[in-house]
Amino acid sequence: MSNVFTRRIMGVETEYGITATAANGNHTLGAAEVARYLFEPIVEEYGSSNIFSANGSRLYLDMGAHPEIATAECDSITQLLNYERAGDRILDDLAQQAEKKLERDGVGKHVYLFKNNLDSHGNSYGCHENYLISRSMVLRAIGRALEPLMVTRQLVCGAGLIERKTPEHPAQFVLSQRADQVWEGVSSATTRARPMINSRDEAHADSTVYRRLHVIGGDTNLAEPTFALKVGSALLVLEMIEAGIELPDFELEDPIAQIRQISRDLSGKTEMRLKNGGTVTALEIQQALCQQATDWLEVRDNYRESGQRASGQTESGQDTGTSTTEMYRVVDLWRRALEAIETQDFSRVNRELDWVIKKELFDHYRSRLGDDWEHPKLLQVDLAMHDIRRGRGIFQVLQDKGRVERWTTDESIAQAMSTAPTTTRAHQRGQFLAHARNTRTPFAVDWSRMKITEPKKMEYTFNDPFATESPELEELLSIMKQSNNAE
């Protein structure tokens, strides 16, 4: 029986757009200046705009003045969702502090944080998914097997966008914000020629055992169920590849052209040529993969004991990994989404899928605005939909009013803001950070390394992303505690 990671380490990196306005709505500061105000409390406390926060996640300022949060290592869909949403709230708290300082300095009043993938100038920023895979798996072979899913999943996981009029296309609603930004299938490039899968080899773990599958072609999601479907469908296909289950031969002839065509066809009927000479529609690919995932769940639990570190429980007895019960929840939404696309009756998913929620809201406004997709008010609604500020962003208002389905709870997200995951290596990082900061011990930390420089230099590498405890961590904590007591 093949070793299948039914428990898999995962992470998500989310980049945010940022701007600020004065009380009258006029823009007052550039993005870099707003970012300086946003990160001022972080720099004051830690002396850097690139830190690991108390919950084990990385918070930093990325190129182009984009705040970015890379979640701590997680091992289940809901856990990953909690830490991804915790990132929204951490930045919202920083934005509240920034607004007070902007008003104090008389240069602004409102800070806006946009969880989307395009700004008004056409610049793109991403949402990257990371999945732990075995070093024995050939990345390009995985890329070919995953490509049909990655090209077509915008049918169910797209964030939706109003595409402005171009010489090639009229103004219209499209499924994906990232489809037009992808230029390759698998590549080591990131900005020069964005691929769907980045092949740069950074395992952040024991590189003789693991590698990291770095997916950079997906949309940033607002609705929790859409996020769960995006991650869950990828997990299911990866599990089937590892189990040696033969997937349909959907290798595409021109995936880059086809990903753009699919984005502009809300019916899913875009016909694509395959390298084997056949043709298939985007919807048919999704339906076939969804059916195979349904069949896989009937036998999935038989694989859960095939590797002790890949499934089961932590050293402390906690259940780990995404349960088959939760995967059935993913497949149920996947199936209903595809049925909605096939019938064009979206009533059963119009509270769960990003692009459907968004389009129904736009249709409501368009009926009052002369059906003009480029009406300034409609474009403003499009942008405001992605403002993550609590009590202000349109999506947040819809969710607070119960007009969007939830996958997790506010309580779980709040806990994830300050506590690292207890089922992965992040638990060790969280303990290290808390002790180092409480004892004021000079330290350095990254994904797999923890170091103190006083009272003596000591550094350890933590290459097992599944390990929640270790003698190396205990030694570091003991030294910090002894040093603090001596003072």
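This one's a predicted model, so the numbers in the text were calculated from it and none came from an experiment.
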*salt bridge (charged side-chain N to carboxylate O under 4.0 Å, His left out) evaluation trace for Glu13 with Arg212*: CA-CA 13 Å; Glu13 306 163 40; Arg212 180 171 58 118; 3.7 Å; yes
Does [X] reach the main-chain N or O of [Y] with its side chain, forming a donor-acceptor pair under 3.5 Å?
X	Y	answer
Glu68	Tyr60	no
Ser57	Ser53	no
Thr322	Ile77	yes
Thr424	Glu73	yes
Asn117	Thr220	yes

Quick one about [Y] and [X] (side-chain donor to acceptor, distance below 3.5 Å, no hydrogens or angles considered), yes or no?
X	Y	value
Arg58	Asn50	yes
Ser470	Gln428	yes
Thr423	Gln79	yes
Gln97	Tyr37	no

*Could you give me the CA-CA distance, side-chain angles and deciding distance for Lys115 and Asp88, then say whether salt bridge (charged side-chain N to carboxylate O under 4.0 Å, His left out) is met?*
CA-CA 9 Å; Lys115 193 176 181 180; Asp88 294 350; 2.8 Å; yes
Considering only NZ, NE, NH1 and NH2 on the basic side and carboxylate oxygens on the acidic side, decide whether [X] and [Y] come within less than 4.0 Å.
X	Y	answer
Arg135	Asp201	yes
Arg211	Glu202	no
Arg403	Glu352	no
Asp219	Arg178	no
Glu242	Arg8	yes
Arg390	Asp400	no
Glu45	Arg437	no
Arg392	Glu99	yes
Asp410	Arg89	yes
Asp332	Arg336	yes

*Can you check side chain to side chain donor-acceptor pair (under 3.5 Å) on Ser134 and Ser136, steps first, answer last?*
CA-CA 5 Å; Ser134 170; Ser136 64; 2.7 Å; yes
*Whether Phe114 and Tyr112 hold their rings parallel, tilted or perpendicular, with breakpoints at 30° and 60°*: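 Rings of Phe114 and Tyr112: parallel, as their planes differ by under 30°.
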*Take the angle between the ring planes of His66 and Tyr125 and call it parallel below 30°, perpendicular above 60°, tilted in between.*
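Answer is tilted, since the angle falls between 30° and 60°.
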*With a 6.0 Å cut-off on ring centres, are Trp447 and Phe462 close enough?*
no
*asked:* Using the salt bridge (Lys or Arg N to Asp or Glu O under 4.0 Å) criterion, which residues pair with Glu129? Sequence neighbours excluded.
replied: Arg153
*Looking at residues at least two apart in the chain, or sitting in another chain, which of them share a ring pair (Phe, Tyr, Trp, His ring centres under 6.0 Å) with Tyr16?*
none
*Is any side-chain heavy atom of Ile133 less than 4.5 Å from a side-chain heavy atom of Leu213?*
yes
*Could you check if a side-chain atom of Ile42 sits within less than 4.5 angstrom of a side-chain atom of Leu61, using non-hydrogen atoms only?*
no
*Over 12 non-hydrogen atoms of neighbours within 6.0 angstrom of CZ in Arg406*: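 Check passes, neighbour count above 12.
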